[in-house]
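Below: the structure, in structure tokens.
Bear in mind that the values here come from a model prediction, so they are computed numbers and not experimental data. Residue numbering restarts at 1 for every chain, and letters A, B, ... go by the order of the sequence lines.
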Number of protein chains: 2
Amino acid sequence: MSKIELKENLKKYSNLDECPIRNIISRFSGKWPVIILCILSENECTRFNQIQKAIPDISPKVLSDTLKNLETDGIIKRIVYGEVPPRVEYSLTKLGLSLMPYINNS
Amino acid sequence: MSKIELKENLKKYSNLDECPIRNIISRFSGKWPVIILCILSENECTRFNQIQKAIPDISPKVLSDTLKNLETDGIIKRIVYGEVPPRVEYSLTKLGLSLMPYINNS
DNA sequence: CCGTATCCGATGTGATACTG
DNA sequence: CAGTATCACATCGGATACGG
């Protein structure tokens, strides 16, 4: 590889907000997002409480925050049933589903 | 899926230190590791300074720390040449190389 | 050139109690 | 049940100056 090519390659990661790698990382780095995607991928729908049980060491606050972020990014879907006691179910969106192969092959 | 199966599936992520997903995440979550792997994968060897230039907004301290962690995990190799001025080159180990397909397919 | 030392702020994560 | 409120804390990331 010539020096010119090298320079061009190294430039690709410089563009901060336009760098696709950085975009992905900003959404999935952190302790919980990938684990949650795995859990959701195993069932059609999963309730808040089920996720909590599957991850014994996550606090409700952190779980709630993480789910919100994933929802905002369009990766998971949140469905509220107007029942008492309340029922809320989380599931992967199409986009979320499309991500799973890259996780599961690891 | 039956309730029994569901319960078994959700259990898989409970085992904290034995959970393979958590092991991976603990090594690669964070802002920089994946970017650095990408950069290293593009050349046989890359110098500290080159990496810094490729990532304009990383400080030398953080770059150094991240490289150390990756080296400790056996993912990258650090070769010091006893020259003045000093020359140090980083490259992927076999293990590190084996990780790239999962990154590049994304 | 390749880092380390120092210090600091931001962010992520956690425990617990509480509410509709 | 499904969260929110509050507070606390550790880790991560960043700026800058300096050293071998």
Side-chain angles (χ1 to χ4, degrees), chain A residues 3 6 10 13-14 16-17 19 21-22 25-36 39-40 43 45-73 76-91, chain B residues 3 6 10 13-14 16-17 19 21-22 25-36 39-40 43 45-73 76-91:
Chain A
K3 283 202 172 180
L6 173 63
L10 291 183
Y13 308 99
S14 309
L16 279 56
D17 293 343
C19 173
I21 299 177
R22 297 204 183 201
I25 290 175
S26 72
R27 284 171 173 74
F28 295 111
S29 77
K31 207 168 165 180
W32 307 115
V34 173
I35 294 187
I36 291 175
I39 292 172
L40 294 188
N43 314 286
C45 297
T46 315
R47 300 179 65 163
F48 189 91
N49 213 20
Q50 288 182 306
I51 306 175
Q52 244 191 334
K53 276 176 193 152
I55 314 175
D57 54 339
I58 196 172
S59 77
K61 172 188 178 300
V62 173
L63 177 53
S64 178
D65 291 348
T66 309
L67 289 170
K68 266 179 205 160
N69 287 335
L70 291 172
E71 194 195 358
T72 300
D73 286 342
I76 69 172
K77 206 169 13 190
R78 181 176 181 269
I79 300 173
V80 183
Y81 297 85
E83 304 176 357
V84 178
R87 179 157 63 103
V88 180
E89 292 189 341
Y90 295 90
S91 57
Chain B
K3 283 204 173 179
L6 173 62
L10 292 182
Y13 308 99
S14 310
L16 281 53
D17 293 342
C19 173
I21 298 176
R22 297 205 184 200
I25 289 174
S26 71
R27 283 170 173 75
F28 296 110
S29 77
K31 206 168 167 181
W32 307 115
V34 172
I35 293 187
I36 291 177
I39 292 173
L40 294 188
N43 314 286
C45 298
T46 315
R47 301 180 63 162
F48 189 91
N49 214 19
Q50 287 181 306
I51 306 175
Q52 245 191 332
K53 277 175 193 151
I55 314 176
D57 54 342
I58 195 171
S59 76
K61 171 190 177 297
V62 173
L63 176 54
S64 179
D65 291 349
T66 308
L67 289 170
K68 266 182 206 160
N69 288 336
L70 291 172
E71 194 193 359
T72 300
D73 287 341
I76 69 172
K77 208 170 10 191
R78 181 176 182 268
I79 300 173
V80 183
Y81 297 86
E83 304 176 356
V84 178
R87 179 157 64 102
V88 181
E89 292 189 341
Y90 295 90
S91 57

For this session: Check P86(A) against R47(A) and note the closest heavy-atom contact, atom names and distance.
Result: O-NH2, 3.5 Å
Exercise. Given atom CZ of R78(B) and atom P of dC1(C), what is their separation to the nearest angstrom?
Worked result: 16 Å
Problem set entry | Protein-to-nucleotide contact annotation, 5' to 3' order, nucleotides 6-20 of chain D [B base; S sugar-phosphate only; - none; under 4.0 Å, heavy atom] | B------BBBB---B
For this session: Kindly indicate whether the side chain of R22(B), heavy atoms from C-beta on, has any atom under 4.5 Å from the side chain of W32(A).
Result: yes
For this session: Considering just the side-chain nitrogens and oxygens of S64(B), establish if one lies under 4.0 Å of OP1 or OP2 belonging to dT4(C).
Result: yes
Exercise. To the nearest 0.5 Å, what is the distance between OG1 (T72(A)) and NZ (K68(A))?
Worked result: 9.0 Å
Problem set entry | pair I36(B)-I76(B): side-chain heavy atoms closer than 4.5 Å | no
Problem set entry | Spacing of R87(A) atom CZ relative to dA2(D) atom P, expressed in whole Å | 9 Å
Exercise. Taking only side-chain nitrogens and oxygens of K68(B), does any of them come within less than 4.0 Å of OP1 or OP2 of dC2(C)?
Worked result: no
Seminar exercise, completed: Looking only at dG3(C), dT4(C), dC2(C), the nucleotide nearest the Y90(B) side chain is dG3(C)
Exercise. Atom CD1 of I35(A) and atom P of dT13(C): how far apart are they, to the nearest Å?
Worked result: 11 Å
Exercise. Less than 4.5 Å apart, any side-chain heavy atom of K77(B) and any of E71(B)?
Worked result: no
Exercise. Whole-Å distance between dC1(C) P and E83(B) CD?
Worked result: 13 Å
Problem set entry | I21(A) side, atom CD1; S26(A) side, atom OG - distance, nearest 0.5 Å | 12.0 Å
For this session: Let me know the distance between CG of N49(B) and P of dG3(C), rounded to the nearest Å.
Result: 10 Å
Exercise. Could you state the CG-P distance from L63(B) to dT4(C), rounded to the nearest angstrom?
Worked result: 10 Å
For this session: Choose from dT4(C), dC1(D), dC2(C) the nucleotide whose nearest atom is closest to any side-chain atom of R47(A).
Result: dC1(D)
Exercise. Side-chain contact, heavy-atom cut-off 4.5 Å: L70(A) with Y90(A)?
Worked result: no
Exercise. How close or far is atom P of dG3(D) from atom CG of L67(A), stated in whole angstroms?
Worked result: 8 Å
Problem set entry | Whole angstrom value for the distance that separates P of dG3(C) from CD1 of I55(B) | 14 Å
